[in-house]
Amino acid sequence: MKRLQFMSVRILQGLLALLLIATVNFLLVRAAPGDPVSIMAGEAGASDPQFVAQLRAQFGLDQPLPTQLANYLGHVLQLDLGYSYRQQQPVVDLILERLPATLLLTGTAFALSLAMGIGLGALASRNAGKWLDSAITVVALVFYATPLYWLAMMAVLLFTVQLDLLPAFGFFTVGADLTGLDRVLDIAQHLILPAGTLGLFYMAVYARMTRAAMLEVAQMDFVKTARAKGVPTGRIQRKHILRNALLPVVTLAGIQAGGMIGGAVLTETVFAWPGIGRLMFDALLQRDYNLLLGCFLFTAAMAVLFNLITDFVYTLVDPRIELS
């Protein structure tokens with residue numbers, strides 16, 4: 001009963017948050033200079049006021065802003081994200097078409113960053129004050145401080161241009177017509193550079209947080225008691241320190257898991273990865289309002305969903321926590 005009540009409250013809170021996000025996004029996008037009509041008229045070489053007025057009426061941009069906002073929110077409540085001006089397709093179809101590529105990229109990067117970050121953080125805390133701890137800390141700081149786009153370009157220069165080991169752009173080899181296992185391996189090769197680049201930044205964050213949390217837990221009384229009883233050091237690290245130190249890491253990971261989908265814009269742009277981030281970037285350049293707002297709202301919904309999942313993961317990491 002408590003779980004059902006908790007779920008109901010959190011879902012309601014999430015829906016209200018998404019409605020507020022949709023409103024703010026709409027107002028911010030409309031406040032930006034330029035609109036799709038100006039872009040389309042300029043590309044067509046037609047500056048005739050009558051033609052521009054017809055386009056504005058066709059897209060509903062001639063109506064007052066409150067009316068446009070009310071119409072947009074009404075469609076959102078019906079799960080209708082509108083129609084793309086430029087792509088001439090429903091926004092939902094365009095997002096769902098790009099979703100598998102984005103989930104593959106962000107899911108791989110998230111799993112890689114979490115595994116490497118927790119592993120390196122645990123190794124650093126176990127060797128606190130030693131050269132290995134210093135080396136891991138320096139590496140984490142370097143990857144955390146390095147701009148993501150620069151790291152991506154350097155990866156392309158090194159592994160593609162210089163060493164010719166990995167493909168740099170796209171989702172698969174165009175024109176190869178691969179099937180079965182060969183296609184899977186081809187996609188995996190194209191995935192290595194973008195997923196590795198995106199994962200390294202978050203790996204640095206998780207490594208530093210894991211190290212700090214484990215050093216804090218290591219000073220607690222129950223850990224000292226375990227040491228006094230002669231429990232092996234490895235077991236203390238795994239069963240006592242690491243498990244209790246994972247809660248702040250899980251919190252941060254849950255927040256970043258949803259944001260990573262929308263935050264992959266730079267990575268997808270540099271590596272020409274056909275995901276939602278690249279779709280969002282193109283929509284911004286083209287002033288495709290409906291598509292841009294749809295991408296924003298979808299990534300916000302994913303963030304809300306992952307926050308809800310994080311609450312359940314809490315109960316697995318620490319059984320003392322109850323959903324109520």
Side-chain angles (χ1 to χ4, degrees), residues 14-40 59-61 65 68-69 71-110 148-149 152 170-171 194-195 197-198 201-202 254-309:
L15 292 176
L16 292 176
L18 288 177
L19 193 61
L20 178 61
I21 290 171
T23 302
V24 173
N25 285 341
F26 182 89
L27 296 176
L28 289 177
V29 169
R30 286 297 194 273
D35 58 38
V37 170
S38 302
I39 300 295
M40 294 174 67
F59 298 143
L61 299 176
L65 186 61
Q68 295 184 42
L69 175 59
N71 292 335
Y72 172 70
L73 294 180
H75 285 91
V76 167
L77 292 175
Q78 301 175 39
L79 302 180
D80 178 12
L81 299 182
Y83 201 76
S84 170
Y85 303 129
R86 303 302 300 269
Q87 306 292 338
Q88 296 296 306
Q89 294 184 50
V91 170
V92 173
D93 292 348
L94 289 170
I95 292 177
L96 293 180
E97 181 182 339
R98 300 291 188 98
L99 181 60
T102 292
L103 289 180
L104 178 62
L105 172 60
T106 56
T108 304
F110 179 72
L148 191 60
Y149 67 89
F171 187 71
T197 302
L198 185 60
F201 172 81
Y202 292 99
I255 295 173
Q256 292 183 334
M260 191 181 288
I261 294 179
V265 176
L266 288 176
T267 306
E268 292 186 357
T269 301
V270 172
F271 292 103
W273 189 263
I276 293 176
R278 180 63 183 272
L279 182 67
M280 192 186 309
F281 180 74
D282 293 339
L284 176 63
L285 293 180
Q286 298 170 350
R287 299 296 191 275
D288 196 338
Y289 284 165
N290 286 342
L291 182 55
L292 187 61
L293 289 172
C295 292
F296 285 161
L297 187 60
F298 181 82
T299 54
M302 295 299 295
V304 170
L305 175 62
F306 278 108
N307 283 336
L308 184 59
I309 294 174

Out of curiosity, [X] [atom1] to [Y] [atom2], how far, rounded to the nearest 0.5 Å?
X    : Y    : atom1 : atom2 : answer
D282 : Q87  : CG    : CD    : 7.5 Å
L15  : L20  : CG    : CG    : 12.5 Å
F171 : F271 : CZ    : CZ    : 15.0 Å
W273 : L198 : CH2   : CG    : 11.5 Å
T23  : L69  : OG1   : CG    : 5.5 Å
C295 : N25  : SG    : CG    : 11.0 Å

Going by atom type alone, with no hydrogens or angles, which donor-acceptor pairs under 3.5 Å involve a side-chain atom of residues 90-104 and a protein atom two or more places apart or on another chain?
{"residue": "R98", "atom": "NH1", "partner": "G275", "partner atom": "O", "Å": "3.2"}
{"residue": "T102", "atom": "OG1", "partner": "E268", "partner atom": "OE2", "Å": "3.1"}
{"residue": "T102", "atom": "OG1", "partner": "I276", "partner atom": "N", "Å": "2.6"}

Minimum heavy-atom separation for [X] and [Y], please, with both atom names.
X    : Y    : value
A195 : L105 : N-CD1, 3.5 Å
A283 : L292 : CB-N, 4.0 Å
A22  : L297 : CB-CD1, 4.0 Å

Pairing residues for F296 by the ring pair (Phe, Tyr, Trp, His ring centres under 6.0 Å) criterion, not counting sequence neighbours: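 By the ring pair (Phe, Tyr, Trp, His ring centres under 6.0 Å) rule, F296 matches no residue at all.
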Ring pair (Phe, Tyr, Trp, His ring centres under 6.0 Å) partners for F26, two or more places apart: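 In terms of ring pair (Phe, Tyr, Trp, His ring centres under 6.0 Å), with neighbours along the sequence ignored, F26 is linked to Y72.
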Sidechain-backbone polar pair: Y202 side chain, A109 backbone, donor-acceptor under 3.5 Å: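 Such a contact is absent between Y202 side chain and A109 backbone.
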From CA spacing to verdict: side-chain hydrogen bond (donor to acceptor under 3.5 Å, both in side chains), S84, N290: CA-CA 6 Å; S84 170; N290 286 342; over 6 Å; no
Tell me every residue that passes side-chain hydrogen bond (donor to acceptor under 3.5 Å, both in side chains) with [X], counting only those two or more places apart in sequence or in another chain.
X    : value
T197 : none
N71  : Q63
Q68  : R30

Salt bridge (Lys or Arg N to Asp or Glu O under 4.0 Å) contacts in which one or both residues fall within residues 299-308, not counting sequence neighbours: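 Output for this query is empty, none listed.
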Residues forming a side-chain contact (heavy atoms from CB on, under 4.5 Å) with A272, sequence neighbours excluded: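 Here the qualifying residues are F169, R278.
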Under the side-chain contact (heavy atoms from CB on, under 4.5 Å) test, residues paired with L19 that sit two or more places apart: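 L73, L77.
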